[in-house]
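Just so it is clear: chains get the letters A, B, ... in the order the sequence lines come, proteins before strands, and each one is counted from 1.
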Amino acid sequence: GQQVMQIPQYQHVQEGEDFTTYCNSSTTLSNIQWYKQRPGGHPVFLIQLVKSGEVKKQKRLTFQFGEAKKNSSLHITATQTTDVGTYFCAGVMAGANSKLTFGKGITLSVRP
Amino acid sequence: ETGVTQTPRHLVMGMTNKKSLKCEQHLGHNAMYWYKQSAKKPLELMFVYSLEERVENNSVPSRFSPECPNSSHLFLHLHTLQPEDSALYLCASSQETPPSYGYTFGSGTRLTVV
């Protein structure tokens, strides 16, 4: 079945460093979404990408959808301690009767 | 709050108990979902309701029984659970399914089965 992969599952950075993580799908996606879950919290929708090669920015966060619509990246510039949490990507497979499939997420810790 | 309210926030139950989780959304969404979140596992989709009709049941054991009496309310009835069912149970809603613009999740119910 459809798989959405996020590797690694954990990453530790020094505050102020940049951080990039990737999401890869085994199949072409119609759209991809990113969520953030703070420790002890619930996933919160961040953004959706639909078009091939699309790039969207939210303050220090930059999201990109691959040209083939099978991968996506999240880049955080100059990480802060408030960026701590687990970032999930979730993709909807192209075609009918598709559903949103979540990756395992990457848990980011930031050393002050 | 998120617009999706889940109660209770925490629940401890014995393996012979019967309990229910409740979810209510105030967003006018047409689709509601139950997800299970266990440590070190992806979010597991359990049930999907669209316009109060169940459209997906992901091979969930019968000890979990969903109910959607209207488009704003979703329940998950629990009975004779196992310790491995301990997890965070998340309710979510979206305008349609699959979501064209993201889910809104509730805060979750942290379930412990003893």
_Atom NZ of residue position A/Lys56 - does it have more than 12 heavy atoms of other residues, nucleotides or ligands inside 6.0 Å?_
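Atom NZ in A/Lys56 is packed in, count exceeds 12.
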_Please output the residues of residues 37-51 of chain A in contact with chain B, using a heavy-atom cutoff of under 4.5 Å, in numerical order._
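If one takes a 4.5 Å heavy-atom cut-off, the residues of residues 37-51 of chain A near chain B are A/Gln37, A/Gly41, A/His42, A/Pro43, A/Phe45, A/Gln48.
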*Examine whether an atom of B/Tyr35 lies under 4.5 Å from a heavy atom of chain A, and if so say whether it belongs to the side chain, the backbone or both; otherwise answer neither.*
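Just its side chain gets close to chain A.
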_Taking side chain as everything from C-beta outward and backbone as N, CA, C, O, which of these in B/Glu44 sits under 4.5 Å from a heavy atom of chain A? Side chain, backbone, both or neither._
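Contact with chain A involves no heavy atom of B/Glu44 at all.
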*Quick one: which of A/Phe102, A/Phe63, A/Phe88 gives a ring pair (Phe, Tyr, Trp, His ring centres under 6.0 Å) with A/Tyr35?*
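Among the candidates, only A/Phe102 passes.
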*Side-chain donor-acceptor pair present, A/Thr79, A/Glu17, cut-off under 3.5 Å*: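 No pair is found: no donor N or O on one side chain lies under 3.5 Å from an acceptor on the other.
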*Assess the side chains of A/His75 and A/Thr62: does a donor N or O sit below 3.5 Å from an acceptor N or O?*
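No, because no side-chain N or O of A/His75 sits under 3.5 Å from a partner of the opposite role on A/Thr62.
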*Residues in side chain to side chain donor-acceptor pair (under 3.5 Å) with B/Glu67, at least two apart?*
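Partners of B/Glu67 under the side chain to side chain donor-acceptor pair (under 3.5 Å) test: B/His77.
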Enumerate, atom names and distances included, each donor-acceptor pair closer than 3.5 Å involving a side-chain atom of residues 103-112 of chain A, sequence neighbours excluded.
| residue | atom | partner | partner atom | Å |
| --- | --- | --- | --- | --- |
| A/Thr107 | OG1 | A/Thr86 | OG1 | 2.8 |
| A/Ser109 | OG | A/His12 | ND1 | 2.4 |
| A/Arg111 | NE | A/Gln14 | OE1 | 3.3 |

*Quick one: hydrophobic cluster around B/Met13, which other residues, with the 4.5 Å side-chain cut-off, linked directly or via members?*
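Noted: B/Met13 shares its cluster with B/Leu11, B/Met15, B/Leu21, B/Met32, B/Trp34, B/Met46, B/Phe47, B/Tyr49, B/Val60, B/Phe64, B/Leu74, B/Leu76, B/Leu78, B/Leu81, B/Tyr89, B/Leu111, B/Val113.
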